[in-house]
Amino acid sequence: MIEWSPATIKAFQTTLLTWFDQEGRDLPWRRDHEPYHIWVSEIMLQQTQVQTVIPYYERFMDWFPTVQELAAAPEDRLLKAWEGLGYYSRVRNMQRCARQLLADYDGQWPKTATELTELIGIGPYTAGAIASIAFNEPVPAVDGNAFRVFSRLLEIDADIAKPQTRQLFEQVIAKIIPVDRPGDFNQAIMDLGSSYMTARNPDSEHSPVKAFNQAYLDGKELAYPVKTKKPRPVPVDYVAVMAKVPTGEWLMTQRPSTGMLANLWTVPLVKVDDLDLADDATEDDVLVAVSTYFKRDYQLNLVGKELPLKPVSHTFTHQKWTIQLLAGQVEEADLAYFPGKVVSDDQLTDLPMPKVQDKIWQRYREQR
DNA sequence: CATACGTGGTA
DNA sequence: TTACCAAGTAT
């Protein structure tokens with residue numbers, strides 16, 4: 001790792017901010033410095049690209065213009081606003097944060113990164129982003145871009161997958177961030193990281209900070225940042241039960257309030273491991289086992305028929321689901337023991353559903 | 001500290 | 001298809 005002299009730091013600040021003033025992106029959440037706007041955008045942007053976020057941000061502000069309206073929203077409406085963005089606990093934590101703000105802070109945002117970290121869903125990165133952009137506090141906002149940009153500029157070879165490494169980067173950046181324009185500085189780093197200094201296809205030759213990019217000057221750009229790999233997703237097999245009741249309505253289940261896809265809606269998904277089937281089970285065996293499962297857990301009589309469809313495959317960060325589809329009819333629907341409800345085709349669109357459910361609908365329509 | 005937690009894009 | 005990356009936080 002190299003160190004910069006005060007003169008180099010000054011030159012870097014000037015170069016970066018001059019570029020940002022001319023080439024910085026015009027984004028919906030950059031129209032003002034309202035902490036609510038900065039907060040919503042920063043939560044959405046966690047692990048998510050700008051292009052994906054823009055339409056979600058516009059609609060979110062339309063639905064929930066203020067902290068008060070967010071705090072009062074029904075959860076299905078909340079999840080509907082987030083549907084397709086992923087990491088759904090983000091939006092549930094946002095509502096908890098909104099309520100926390102109204103109850104404990106008189107609706108007034110704290111103005112320092114240290115205090116902001118106390119709020120639910122706001123970690124060190126988001127606290128730094130809000131504090132610097134909305135309140136001009138000269139603190140770093142160390143996200144993936146900052147890790148990548150500064151690891152290359154200064155040839156920092158600490159493993160960014162380790163939580164401890166954040167401290168190092170915060171200390172380094174704290175010495176470089178300008179006290180007069182910390183928010184613009186942090187945003188400029190992000191713009192740089194998503195344009196000239198991308199992970200795989202950087203264009204440092206034309207970068208405004210080319211002269212400061214030690215890794216590039218040494219021809220070692222792609223060696224940074226150093227990051228240990230994550231394990232492969234674990235395979236999990238499911239049966240999706242496309243079941244209708246006599247009225248023609250769908251049987252829909254709500255996911256548990258914790259864990260994957262919490263509180264979202266899907267057709268009943270039965271983990272194949274929970275069916276205690278033999279290794280050589282046939283499709284008929286699966287059908288019988290699912291019917292037994294429905295009777296035992298839901299007190300429902302399911303008359304199923306197998307659908308010889310290609311299974312749906314869906315990969316999450318840490319699990320890879322393979323889902324076999326099953327069609328069925330449920331006789332007299334007493335739903336007292338069923339963790340869900342029956343829904344007409346028209347009402348389906350009101351339910352927040354994950355992408356994997358979209359894939360299940362698509363596969364079902366494709367071949368029936 | 002290591003792991004859980006979504007989705008879309010690129011090679 | 002696989003592998004990896006993209007404005008992280010909670011536990």
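In what follows, chains carry the letters A, B, and so on, assigned in the order in which the sequence lines appear, proteins first and then strands, with residues in each chain numbered from 1.
- Scanning atom types as modelled, one donor and one acceptor separated by under 3.5 angstrom connect the side chain of A/T317 and the base of B/dG6.
- Counting any heavy atom pair closer than 4.0 Å across all strands shown, A/R232 reaches sugar-phosphate atoms only and no base atom.
- Residue A/Q47 contributes atom CD, which lies 9 Å from atom C1' of C/dC5 at whole-angstrom precision.
- A/H314 places its NE2 atom 12 Å from the C1' atom of B/dC5, with the value rounded to the nearest Å.
- At least one side-chain heavy atom of A/V303 sits less than 4.5 Å from a side-chain heavy atom of A/E331.
- Using a 4.0 Å cut-off between charged nitrogen and carboxylate oxygen, A/R59 and A/D62 do not count as a salt-bridge pair.
- Cluster membership check: A/V91 shares its hydrophobic cluster with A/F316, using side-chain heavy-atom separations under 4.5 Å among Ile, Leu, Val, Met, Phe, Trp and Tyr.
- Residue A/H318 has no polar side-chain atom (N or O) positioned under 4.0 Å from OP1 or OP2 of B/dG6.
- For the pair A/P231 and A/K355, nearest-nucleotide mapping onto DNA chain B gives the more 5' position to A/P231.
- Evaluation of the ring pair (Phe, Tyr, Trp, His ring centres under 6.0 Å) test over residues 166-205 of chain A, restricted to residues two or more places apart or in two chains, returns A/F147-A/F169.
- Nearest to the side-chain atoms of A/P163 among the listed nucleotides B/dA2, B/dA4, B/dG6 stands B/dA2.
- Within 4.0 Å of A/V50, counting heavy atoms only, lies at least one base atom of the nucleic acid.
- At the phosphate of B/dT7, OP1 or OP2 sits under 4.0 Å from a side-chain N or O atom of A/Y88.
- At the heavy-atom level, A/K359 lies nowhere under 4.0 Å from the strands shown.
- Separating the C1' atom of B/dC5 from that of C/dA6 is a span of 15 Å, rounded to the nearest Å.
- Each of B/dT7, B/dC5, B/dT10 was ranked by its minimum atom distance to the side chain of A/R200; first place goes to B/dT10.
- With rounding to whole Å, A/F147 atom CZ is found 18 Å from C/dC4 atom C1'.
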Tell me which donor-acceptor pairs under 3.5 Å the side chains of residues 258-267 of chain A have, and how far apart each pair is, sequence neighbours excluded?
unit_1 : atom_1 : unit_2 : atom_2 : d
A/N263 : ND2    : A/E75  : OE1    : 2.4
A/T266 : OG1    : A/T253 : OG1    : 3.4

Identify all pairs in which a protein N or O lies below 3.5 Å from an N or O of nucleotides 9-11 of chain C, and state each distance.
unit_1 : atom_1 : unit_2 : atom_2 : d
C/dT9  : OP1    : A/G123 : N      : 2.9
C/dT9  : OP1    : A/G123 : O      : 3.4
C/dT9  : OP1    : A/T126 : N      : 3.0
C/dT9  : OP1    : A/T126 : OG1    : 2.8
C/dT9  : OP2    : A/Y125 : N      : 3.3
C/dA10 : OP1    : A/G121 : N      : 2.4

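- The aromatic ring centres of A/F212 and A/W19 sit 6.0 Å or more apart.
- Between the C1' atom of C/dA6 and the CD1 atom of A/I160 lies a distance of 11 Å, rounded to the nearest Å.
- Using a 4.0 Å heavy-atom distance criterion, A/L27 is classed as a base contact.
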Between A/T247 and A/V342, does the side-chain contact (heavy atoms from CB on, under 4.5 Å) criterion hold? Intermediate values first, please. CA-CA 9 Å; A/T247 58; A/V342 293; 5.6 Å; no
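- A/T48 comes within contact range of at least one nucleobase, with a heavy-atom separation under 4.0 Å.
- In this structure, A/P354 reaches the sugar-phosphate backbone alone: every heavy-atom distance under 4.0 Å involves primed, P, OP1 or OP2 atoms, never a base.
- In this entry the distance linking CD of A/Q319 with C1' of B/dC5 reads 10 Å, nearest Å.
- Between A/F294 and A/Y298, the gap from one ring centroid to the other is short of 6.0 Å.
- Following rounding to the nearest Å, A/N201 (CG) and B/dT10 (P) show an atom-to-atom distance of 10 Å.
- At whole-Å resolution of the value, NZ in A/K230 and P in C/dG8 are 10 Å apart.
- For A/Q164, counting side-chain heavy atoms from C-beta on, the closest listed nucleotide (C/dC5, B/dC1, B/dT7) is B/dC1.
- Residue contacts for A/R255: at a heavy-atom cut-off of 4.0 Å it reaches no nucleic acid atom on any strand shown.
- For A/K229, no side-chain nitrogen or oxygen approaches OP1 or OP2 of C/dA3 to under 4.0 Å.
- Straight-line distance from the NZ atom of A/K227 to the C1' atom of C/dC5: 7 Å, rounded to whole Å.
- Distance from the side chain of A/R90 is smallest for B/dG6 among the nucleotides B/dG6, C/dA6, B/dA11.
- In summary, A/R181 and A/D21 engage in a salt bridge, as defined by a charged side-chain N under 4.0 Å from a carboxylate O.
- Contact annotation for A/N186: no contact, since no heavy-atom pair falls under 4.0 Å across all strands.
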